Amino acid sequence: MARVVVQEAPFDVGAELAALTAGRADVGGIGLFVGTVRDTAQGRPITAMTLEHYPGMTERALAAIVAEAQARWPLAGCTVIHRVGRLTPGEGIVLVAAASAHRQAALEATAFLIDWLKTKAPFWKHEEFAEGGGQWVEARAEDDRAASRWAG
Amino acid sequence: MARVVVQEAPFDVGAELAALTAGRADVGGIGLFVGTVRDTAQGRPITAMTLEHYPGMTERALAAIVAEAQARWPLAGCTVIHRVGRLTPGEGIVLVAAASAHRQAALEATAFLIDWLKTKAPFWKHEEFAEGGGQWVEARAEDDRAASRWAG
Amino acid sequence: MKVLYFAWLRQKIGVAEEEITPPESVRDVAGLIDFLAARSPGHAAAFANRAVVRCAVNQDFAAPDAPVRAGDEVAFFPPVTGG
Amino acid sequence: MKVLYFAWLRQKIGVAEEEITPPESVRDVAGLIDFLAARSPGHAAAFANRAVVRCAVNQDFAAPDAPVRAGDEVAFFPPVTGG
């Protein structure tokens, strides 16, 4: 069971966790990660961040990442929600969660989902500076290293 | 900033996450783990689980685990809530969460918090079988191995 | 062939999408980039540093030597930064 | 000296807490267990397999050779299983 959504609206973490485990009493642990908009970028205050994506490919990429997680770990369910559009500091950008009978599976799958999403799903961030102007966020070598931990 | 609570009442994951990041726009990621009561134990249906603890020592142990996490990772905040008393399948037992500017710090601290809590905080679980009778849950070598990943 | 651009490639080129018919000699992603880069100064700017351009053919990531054919949907974009 | 028992040690011994005054010869956790195990059949049963008994002295985990003194709070319990 997987829930994969790309949406403009905010997500409700409590409701998503409840949905993830609804009717499943074989779940022993749920791992979750929420990525949020920070108020600065390289020390410069930002007022907003706009998430652009590639409709069609995004859904395919996310489904493939979720399928890979389900193949690697015994998951009762998992959830990936990624927002697009204009977001302000403090708002949630992405939610990934994995439920399993076993704690390590839930935690590892959660880290895997966000690490792969960061390098394999077609989203791009544009930051607006408080002082005017903006910039496209650059990919970080650190994210490639995190994703390569999981090989494949 | 840390919130450490031992309580009988259920916890509200959404409210806890909101409290963890309230007024903090320097947070880029939040890791979270929720442990829940499964409906079986070694294949036998259970109707309830009772969590016993050592008041006084519990709070000391949890505070020490949180302090260790804060020393190891640059955390904007972390939360540990552990329930005690009688719980039924599907209910949350424990919530740990860590917020940081950086994703890896949040995820690693979350795994650390639950791994250490499992082996260093004085809680004990007693399961009631549907067919009558009950048993104290035995500690698992797997949990010791998970905790020893973090050495110290 | 439908060609899509995202993020700063879209901004430099000035359109999000265009329908093009490359010559027969264009057989792979690298050849398509050569062809596209010559279309306008905006295209040239977008493809100036190919090391930072990624490609997807029919919505799967594709290397420079991946084949492209009439009817394909080909997208160009910077390394992804979601999450 | 206040002695506390948890989980199945508490059940086997039948009390959660007792105030005891061990003889001078009891100087460490292992010695205290020897003394306690002789108090009743319940105590003997609780301490029958010491490999599965853990101890805390003044709310810190303590090894068998950790010293115990008058006034200490000493707790015995199985390996922890929270989380």
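Chain letters run A, B, ... following the sequence lines, proteins first and then strands; every chain starts at 1. This is a predicted model, so every value here is computed, not measured.
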**Message:** Walk me through whether A:I30 and B:F33 qualify under side-chain contact (heavy atoms from CB on, under 4.5 Å).
**Reply:** CA-CA 6 Å; A:I30 305 142; B:F33 176 81; 5.9 Å; no
**Message:** If you apply the rule side-chain contact (heavy atoms from CB on, under 4.5 Å), what do you find for B:L32 with A:L17, and how did you get there?
**Reply:** CA-CA 11 Å; B:L32 179 135; A:L17 277 194; 4.2 Å; yes
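By number of non-hydrogen pairs under 4.5 angstrom with chain B, the leading residue of A:A22, A:A106, A:G23, A:G28 is A:G28. Ranking A:T40, A:T110, A:D26 against chain B, the residue ahead of the rest is A:D26, based on heavy-atom pairs under 4.5 Å. Ranked by heavy-atom pairs under 4.5 Å with chain B, the list A:V27, A:V96, A:I93, A:L107 is led by A:V27. Of all the listed residues (B:A97, B:G14, B:G29), the one sharing the greatest number of non-hydrogen pairs under 4.5 Å with chain A is B:G29.
The part of A:R140 that comes within reach of chain B is its side chain, from C-beta onward, which places non-hydrogen atoms under 4.5 angstrom from that chain. Only the backbone of A:V37 comes within contact range of chain B, with heavy atoms under 4.5 Å apart. When heavy atoms are compared at a cutoff of 4.5 Å, B:A99 does not approach chain A at all.
In this structure, the separation between CZ on A:R24 and CG on B:D39 is 10.0 Å, given to the nearest 0.5 Å. Between the CZ atom in B:R103 and the NZ atom in A:K118 there is a gap of 5.0 Å [rounded to 0.5 Å].
Annotation for A:D115 and B:Q104: closest pair OD1-NE2, 3.1 Å, computed over non-hydrogen atoms.
Applying the 6.0 Å contact sphere to CD of B:E131 captures more than 12 heavy atoms from other residues, nucleotides or ligands. Crowding of B:Q7 atom CD: a count of heavy atoms from other residues, nucleotides or ligands under 6.0 Å exceeding 12.
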